Structure formats: C-alpha cells, structure tokens
Amino acid sequence: MADQQFDCVVVGSGPGGYVAAIRAAQLGMKTAVVEKDVVGGRCLNYACIPAKAILRTADVLTEIREASDFGITVGEPEVDFGAVQVRRDRVIKTLTGGVSGLFKKNEITYIEGAGSLTADGNVKVGDDTLAASKCVVLATGSVKRHIPGLEFGGNVIGTEEAWALSELPKTMIVIGAGASGTEIASAYARMGTEVTLYEGLDRVLPTEDADISKLAARSFKKQGIDAKTSTFYEGQEADWIVIAAGRGPDVEGLGLDAAGVKLAENGLIAVDGALRTSAAKIYAIGDLVPGPALAHKASDEGIIAVEDAAGLSTHPISYPDIPRATFCTPNVASFGLTEEQAKAAGHDVVVGKVQYGAVGAGTVYGDRTGLVKVVGDKKYGELLGGHIIGAKATELIQELVNAKALEGGFPEVARMIHGHPTLSEAVMEAARAADGWVIHG
Ligand SMILES: Cc1cc2nc3c(=O)[nH]c(=O)nc-3n(C[C@H](O)[C@H](O)[C@H](O)COP(=O)(O)OP(=O)(O)OC[C@H]3O[C@@H](n4cnc5c(N)ncnc54)[C@H](O)[C@@H]3O)c2cc1C
C-alpha cells in the first residue's frame, strides 16, 4: 500500500471541492483532490453549466422571435438540437479545462478514483492512503432522488439527464416547479416541446415571494407551459418524465461511520459554522451539509473550511442572505425573507415594489413587466429580503445582497447614484418605495 502525505485532501472536485483545494494550496498547503468521475463536479458537467448553456439557446431563440419588435425581420428560427448539445459540451469542456488549469497552476495533485475515509481520518483511494496533516474536506455533492411511487428508469429521468437529451422531445412532464423544474420547463417549452409542469404546492416557484410566483406563472403560460399547481403527477404519459423534486447527499461509500462523522437531519452531514464535522480535521461542505444547495454556497464554504484549517479567522455565512437565482424566463432572483416570512417573523414590514417599466431601461431593452420588490423593516431601514423577476434579475439581486452584507439598509440603496439607463435604477426605485418615496413608480 502506497502512502502519500498531504496537508489537505479534498474529496470531490465540484464548485465546493475545487475552490477549497485552490484556496488551500494558496495558503501553502500541499493539496490533493480526489474525484471519482470528472473534474469540475456535477455543477460544471451535468447541472448548473449545461443547464445555463441550453437556457441561453432558448433565450437567443426568444430574442430572435421577438426581433420584429426591434425592427429586424427574420424568418421563423429552427432549433438544431444536435448543434445545441455540441455547444453545451464545448462550454463544459472550456470550463472544466479551466479548473484543470487552475489545479496545475496551484500545484494541486489530482487523483482519479473514489475516496473514502479511514478510521483515523485520512483518505483511501483504491489501495492508496492519502494522509492529510491539516484537513480532509468532504465535497462529494448530491444525487437525484426519486419520489414515492415513481422510480428512475425507462423514460423517467432526473434533471441532469434532462439537460443531456440527444433529441428535442415532443412532450415532457416535469415534476416539481422549483428552480430546476422551471428552468427545464422554460427552456424546452420555448424550443418547441409540449411541457406539462406539476407542482404539489399551490404555486410555481413556491419558495419565492408570492408576488414573484404570480408573475412567473403568467409568463410560463405565455411560453406554452401547462403548469398544474396543487396537483400531483398521477402516471400521465410523455416522451420524458423529469423528476425535479429534491436531491440527497452523496455519502455512499464515504466511510463516515468509521471515521466518526455524524449526520444531521435529512442525512446531511452535521457541521459547525466553520464547516467542521464531529471528527477532528474533517470538514464537509456544499450539498453534503445543511443550507441551500447552491454552487456559490459550496464554494464559499470551501474557502471557510480550509481557512479555518490553516488557523485563520474566517468569515461567517448568513445562510438566508445567500443569493438564489433561477434562470428560467423571466429570470428570478432573491435573497433573505419573503414578505410573508418577514411578517411571520414579527418584523415591522415595509415593502417597496417597482416595475421595470417605471425606469427608462425597462422600455429601452424591452422588459417593462419585470418587478423589483424590496422587503424591509421600518424601524432601522433594515433590508430583510429582495425579490426580482425579469431580465437580468440574477445579476441585479447582487446589489441588494452586497448592500446588506455591508450593513446598508434600503434607505442607503435609495440614495446611491445608479447609472442611467440601467435596470439597476429599478432596484434603487424599489428601495425608495420601501423608504416611503419614489420618483419613477
Ligand atoms: C440540474 C441542476 C442545475 C443546477 N443549477 C444551479 C445553478 O444554476 N446555480 C447554482 O448555484 N446551483 C445549481 N445547482 C446546484 C449545484 O449543482 C450544487 O449545489 C453544486 O454542484 C454543489 O457543489 P458540490 O461541490 O457540493 O458538489 P458537486 O458539484 O455535486 O460535485 C461533487 C463531486 O464529488 C464527486 N464524488 C462523489 N463521491 C466521491 C467519492 N467518494 N470520491 C471522489 N469523488 C466523489 C462527484 O463525482 C462530483 O464530481 C443545480 C443543480 C442541478 C441538479
């Protein structure tokens, strides 16, 4: 048995693992990354990135269809789905190649194989043991989960497979109208697939603010999506049935028990604020641990974990304030509390709502129906939440996230100068509306 000595061994090379490894190496740790599949993790290879590459195709298609509004005459565009998938693969390869390049640049050892913990908190890959003097970072992500009464197999697939189809389906059923489900529905419906979207709760995007769900539902209808809310799937037929209703941590074969790593609820790994597990020098991050299952959350946790292992005092994460982005059309993005949650939490709630059409950019760029909603607490002007639907919402939300992180409230956002004509002026106006005054709105 060959023994290799490292300071830090990271298991999994997704956005949690690869970022942890790079930061560890930057902090002077001799670092290895173990990956059982392909570099970049699920995010880059099967999930976030392929999804966004195909959504981008659907967005370009929508723009071409709406070109006449901008004075351009074009015929009805055709989707060459083979070429769409070729581009998707190219995007993935470019980005995963970038991660490999960063590993080389930072002198990180990349080891192919499935890693598992040894009883003394090191990592085993096949017959090799990788000793880690400072930390082991578990970053093995999550896997799809079926729903009761419906197993995967045949034409029943998960979200990752839905983004890797070789032909454009004629019909598709999507179960679950959360972020992943609505992205799939919105992309395929616009490319010509007949999509039925099932949601057991009473609205699409049920974790978003109710005003946002309402506007999203209106737009999905226009895209031809048959969204059935308060309805459970009951065996209807389609070319593909996509289960987009939850995932679970990928802990199989990791040897958590042997190493003394304890679980929290839902089979996730229990960690403290620095992502330390119950076992000495073992950290767990990303989809393995509680909090929103998002790539940027995984990356930030990776940084915190290895900085802690290096003995640095690192930053805390405010989990509710992590930006959440859904790249369906229209884009949806949010952070913090919804209006309903803020009221339930006993805040003296104030709300500012402004449509994109209130500011010049909404009309110039062709999205007047987008909406920015700021939820605040009246007393000190605290920003409790931000909710945006419309073009570039996924970019615009960051301003409110940053303002809050820098301890700014909505009165500060209301009085910061925003460039003109930009959609960010609608964010400023929504903050002004929360502050009790508004110029355009
Ligand atoms: C369809 C879809 C779309 C999504 N879109 C977005 C989005 O737009 N934005 C966003 O923020 N989030 C998105 N997510 C969520 C995001 O993909 C995850 O939150 C993110 O990938 C978690 O990163 P991670 O590093 O924890 O794990 P992963 O990306 O899952 O990577 C884990 C890696 O560990 C490897 N591994 C597992 N076990 C072992 C082992 N024993 N030994 C060695 N290697 C192992 C796996 O092969 C994998 O490569 C999406 C998810 C899905 C399913």
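Owing to the predicted nature of the structure, the values given are computational and were not obtained by experimental measurement. Counting starts at 1 for both ligands and their atoms, following the listed order.
The pair R190-D59 counts as a salt bridge, with a side-chain nitrogen and a carboxylate oxygen less than 4.0 angstrom apart. Here D250 pairs with R42 in a salt bridge; the nearest charged N to carboxylate O distance falls below 4.0 Å. Salt bridge absent: K353 and E339 never bring a charged side-chain N and a carboxylate O closer than 4.0 Å. The residues K170 and D239 are annotated as not salt-bridged, no charged nitrogen and carboxylate oxygen being separated by less than 4.0 angstrom. The existence of a salt bridge linking K228 and E199 is excluded, since no basic side-chain nitrogen approaches an acidic carboxylate oxygen closer than 4.0 Å.
At distances below 3.5 Å, not a single donor-acceptor pair connects side-chain atoms of S13 with backbone N or O atoms of E35. Judged by distance alone, the side chain of S142 and the main-chain N or O of A293 form no donor-acceptor pair under 3.5 Å. No donor-acceptor pair under 3.5 Å is formed between the side chain of S334 and the backbone N or O of G386. Formation of a donor-acceptor pair under 3.5 Å by the E382 side chain with backbone atoms of G376 is not found in this model. Side chain of E183 to backbone of F327: a donor-acceptor contact under 3.5 angstrom is found.
Checked against a 3.5 angstrom limit, the closest N/O atoms of Y46 and ligand 1 fall outside it. Note: no N/O pair closer than 3.5 Å links T159 and ligand 1 by distance alone. Note: no N/O pair closer than 3.5 Å links R247 and ligand 1 by distance alone. Checking only distances, L294 does come within under 3.5 Å of ligand 1, N or O to N or O. An N or O contact shorter than 3.5 Å links A295 to ligand 1 by distance. Taking only nitrogen or oxygen atoms, main chain and side chain alike, G115 reaches within less than 3.5 Å of ligand 1. Taking distance alone, with nitrogen or oxygen atoms compared against 3.5 Å, L254 stays at or beyond that limit from ligand 1. For ligand 1, the polar-atom distance check against E35 finds a nitrogen or oxygen pair separated by under 3.5 Å. Considering backbone and side-chain N/O of L288, none are found under 3.5 Å from N/O of ligand 1. Between H296 and ligand 1, at least one N/O pair is under 3.5 Å apart.
Under 4.0 angstrom from ligand 1, the non-hydrogen atoms of D250 all belong to its side chain. At a heavy-atom cutoff of 4.0 Å, ligand 1 is contacted by the side chain of S180 but not by its backbone. Proximity of K52 to ligand 1, defined as any heavy-atom pair under 4.0 Å, is confined to the side chain (atoms from C-beta onward).
Proximity of P292 to ligand 1 is not established, as no heavy-atom distance is less than 4.0 Å. Residue contacts with ligand 1 include P15, since one of its heavy atoms falls under 4.0 Å from the ligand.
Between H146 and F152, the ring planes lie perpendicular to each other; the angle is over 60°, past the 30° to 60° tilted range.
Legend: residues meeting side chain to side chain donor-acceptor pair (under 3.5 Å) with K30, ordered by chain and number and at least two apart, are absent.
Residue, atom and distance of the protein heavy atom nearest to atom 39 (C) of ligand 1 are T140 CG2, 3.4 Å.
For atom 34 (O) of ligand 1, the nearest non-hydrogen atom from the set G12, A51, G40 comes from G12. The residue among A47, A20, G16 with a heavy atom at the shortest distance from atom 2 (C) of ligand 1 is A47.
Close contacts between ligand 1 and V11 involve ligand atoms 40 (C), 42 (N), 43 (C) [criterion: under 4.0 Å to a heavy atom]. Residue contact check: G286 has heavy atoms under 4.0 Å from atoms 26 (O) of ligand 1. Each of the following atoms of ligand 1 lies closer than 4.0 Å to a heavy atom of A139: 32 (C), 33 (C), 34 (O).
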